[in-house]
Protein chains: 2
Amino acid sequence: MMTFSSFFIRINSMKDPILDVIVSDIIQGLYKPGDKLPSENFLAEKYSTPRIKIRKAYEILEDMGYIYSRQGKGRFLRPKHSKMELVINGNESFTQKARTQGLDLKTINIISQKIEYNNKIFKVLNAEKNEDVYHIKLLRIINKNPVAIHSSFIKGRLVPEIGVVKEKILSMYDFLKKSGFSKLESEKTIMSVTLPTLHEQELLCCSPLVPLILFESKTIDGQKQILLYSKILYRSDSFQYVINH
Amino acid sequence: MMTFSSFFIRINSMKDPILDVIVSDIIQGLYKPGDKLPSENFLAEKYSTPRIKIRKAYEILEDMGYIYSRQGKGRFLRPKHSKMELVINGNESFTQKARTQGLDLKTINIISQKIEYNNKIFKVLNAEKNEDVYHIKLLRIINKNPVAIHSSFIKGRLVPEIGVVKEKILSMYDFLKKSGFSKLESEKTIMSVTLPTLHEQELLCCSPLVPLILFESKTIDGQKQILLYSKILYRSDSFQYVINH
DNA sequence: CGAGCTTAACTTGTTGCCAAGTCAGGTTTA
DNA sequence: TAAACCTGACTTGGCAACAAGTTAAGCTCG
């Protein structure tokens with residue numbers, strides 16, 4: 001029978017509270033964007049702890065994107081991201097959502113090609129092993145900030161014109177509509193949280209510890225046919241996520 | 001007009017790919033739980049990079065909870081968490097969900113008290129300034145692993161018996177049902193991702209970089225009356241999150 | 001007296017080196 | 001001959017010292 005206090009011996013190490021203190025100061029509005037944060041030496045002395053500990057705390061905040069650092073100058077608070085409202089169990093396309101909220105959305109098609117056989121993807125799509133399956137990858141940019149990566153996989157058989165127009169696709173939803181499919185909806189979405197790979201950091205212009213939310217889903221049409229397998233990566237700091245019941 | 005390639009100058013620093021390489025090896029199943037990972041010195045030599053860079057990459061993995069470290073021995077891969085399925089737009093209570101999946105759920109009531117005036121909470125609950133508002137905080141433990149923190153706020157006026165039984169509450173849903181409320185549902189949930197505070201790390205027995213998912217919502221009854229304001233913190237690595245459409 | 005230069009005091013960034021811990025093989029002892 | 005001890009080679013952990021960059025105050029020069 002596990003008691004409350006016995007949990008503590010489960011922890012490998014008990015870190016000191018410096019990170020919490022700094023974050024708390026930031027949250028309480030002690031600093032505004034652009035303000036300089038206290039130096040490593042100052043905090044090391046204040047908390048009677050080695051400078052390297054302060055550094056580690058600051059580096060986490062930096063890697064999470066909250067602050068930036070300039071050698072010789074100091075560390076500064078970054079402006080907060082403005083957040084787009086995203087209803088995660090809604091059926092509006094991303095493009096429509098941004099339009100509805102009057103946001104400046106730009107989309108860049110960064111991958112549009114046939115893929116080699118992949119067991120999971122081909123299985124999800126009910127594709128034959130030697131069948132054409134296309135991968136379309138879009139980068140979503142709102143108000144000049146990259147905020148999301150949309151990866152979609154679709155059988156060429158369903159949309160034969162994709163071979164010609166694939167590089168021009170800027171919305172899978174619109175593309176499917178134009179191809180004659182109707183009553184598009186998501187079947188069931190699996191959500192998880194990850195940290196960005198180096199490539200994702202490059203694409204999303206984000207630092208290494210900005211959590212990303214991954215939504216994996218299948219898009220079906222009115223006849224319950226699976227059209228798309230999609231993996232959408234959103235920056236967690238660029239959206240206000242809403243769940244309607 | 002922002003072009004694709006101009007994004008790269010937006011990035012403060014371009015980290016080297018060591019973390020990606022190690023993570024990739026782990027994901028590909030190169031190591032199984034308990035296996036020893038290559039030493040700092042080995043990788044530093046392999047990638048011709050200072051040892052401290054390897055250490056930083058390993059420390060991130062450690063702080064994310066994927067590996068553990070033993071001075072003099074090395075670093076080892078932790079077992080993966082088993083995941084409970086959690087439908088985030090469903091109306092089943094957490095307790096019911098765990099039962100349905102045959103999981104061993106234990107709940108500990110860690111806070112049960114009246115709170116001082118708090119503008120946001122009192123406003124959400126439509127509470128008067130001098131009114132009793134109770135805070136119930138539950139720690140959820142599944143198969144001996146703490147996985148979630150449920151914080152709920154409720155007006156004492158709605159459930160006068162709470163003053164007597166507050167320390168015994170182990171499910172707000174059940175408590176409300178017993179108090180005579182019916183047709184409970186969540187109004188609209190706001191979701192965000194955070195990293196755990198020190199205290200949250202203690203409660204959830206998790207390391208500092210395990211992302212937590214925060215769900216904020218109001219629970220209403222059949223008459224649309226706001227009963228509860230809840231903030232639920234889940235470990236992102238302990239659940240498979242499902243969204244039904 | 002203003003502009004330019006210098007320098008000390010500060011800032012963050014990097015790294016070599018020492019500390020602490022583990023373990024296997026070799027040596028000593030009973 | 002088996003158990004205990006020792007030691008070198010390895011591991012992660014910690015940090016002081018040096019490197020690189022910034023800036024403001026003081027000094028010098030035209």
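Being a predicted model, the structure only gives us computed values, none of them experimental. Just so it is clear, the values below take in all heavy atoms, side chains as well, and ignore hydrogens, waters and symmetry mates. Here is the naming used below: chain letters follow the sequence lines, and residue numbers restart at 1 for every chain.
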Next on the checklist: Heavy-atom count check: over 12 atoms from other residues, nucleotides or ligands less than 6.0 Å from Phe122(A) CZ?
Outcome noted: yes
Checklist entry - Ion pair present between Arg55(A) and Glu40(A), side-chain N to carboxylate O less than 4.0 angstrom? => result yes
Checklist outcome for this item: Numerically ordered, the residues 30-39 of chain B set in heavy-atom contact under 4.0 Å with DNA chain C is none
Item to check | Which nucleotide in dA19(C), dT15(C), dT14(C) has an atom nearest any side-chain atom of Ile52(B) | outcome: dT15(C)
Next on the checklist: With side chain to side chain donor-acceptor pair (under 3.5 Å) as the test, pick out the partner of Tyr229(B) among Lys123(B), His135(B), Glu216(B), Lys218(B).
Outcome noted: Glu216(B)
Item to check | Length of the line joining Glu40(B):CD and dC17(C):P, which is rounded to integer Å | outcome: 17 Å
Checklist entry - Nearest-Å distance, NZ (Lys53(B)) to C1' (dG16(C))? => result 15 Å
Next on the checklist: More than 12 heavy atoms of other residues, nucleotides or ligands under 6.0 Å from CZ of Phe215(B): yes or no?
Outcome noted: yes
Checklist entry - Has Gln113(A) got more than 12 heavy atoms of other residues, nucleotides or ligands less than 6.0 Å from its CD? => result yes
Item to check | Rounded distance (Å) that lies between atom P of dT11(C) and atom OH of Tyr58(A) | outcome: 11 Å
Item to check | Glu45(A) CD: over 12 foreign heavy atoms closer than 6.0 Å | outcome: no
Next on the checklist: Measuring to OP1 and OP2 of dT12(C), would you say a side-chain N or O of Lys73(A) lies under 4.0 angstrom away?
Outcome noted: no
Checklist outcome for this item: Axis-to-axis angle across the helix from dC1(C)-dG30(D) to dA30(C)-dT1(D), five pairs each end, nearest 10 degrees, ~ 40°
Item to check | First and last nucleotide of DNA chain D, 5' to 3', lying under 4.0 Å from heavy atoms of chain A | outcome: dC15(D) to dT23(D)
Checklist entry - Once you round it to whole Å, what is the distance between P of dT11(C) and CD1 of Ile67(A)? => result 15 Å
Checklist entry - Counting any heavy atom closer than 4.0 Å, what does Arg75(A) reach on the DNA or RNA strands: base, sugar-phosphate only, or nothing? => result sugar-phosphate
Next on the checklist: Do Pro38(B) and Tyr58(B) make a side-chain contact, defined as non-hydrogen atoms from C-beta onward lying under 4.5 Å apart?
Outcome noted: yes
Checklist entry - Any side-chain donor-acceptor pair under 3.5 Å between Thr100(A) and Gln96(A)? => result no
Checklist entry - Roughly how many Å is it from NZ in Lys56(B) to C1' in dT14(C), rounded to a whole number? => result 12 Å
Next on the checklist: At less than 4.0 Å, is any side-chain N or O atom of Asn41(A) found next to OP1 or OP2 of dT11(C)? Yes or no.
Outcome noted: yes
Checklist entry - Nearest of dT12(C), dT14(C), dA19(C) to any side-chain atom of Gln71(B)? => result dA19(C)
Item to check | Residue whose closest nucleotide on DNA chain D lies nearer the 5' end, Gly72(B) versus Arg51(A) | outcome: Gly72(B)
Checklist entry - For Lys114(A), does the NZ atom have more than 12 heavy-atom neighbours from other residues, nucleotides or ligands under 6.0 Å away? => result no
Item to check | Test log, rule side-chain contact (heavy atoms from CB on, under 4.5 Å), inputs Ile213(A) and Tyr241(A) | outcome: CA-CA 10 Å; Ile213(A) 308 190; Tyr241(A) 299 92; 3.7 Å; yes
Checklist entry - Taking the side chain as C-beta and beyond, is there a heavy-atom pair between Val210(A) and Gln201(A) under 4.5 Å? => result no
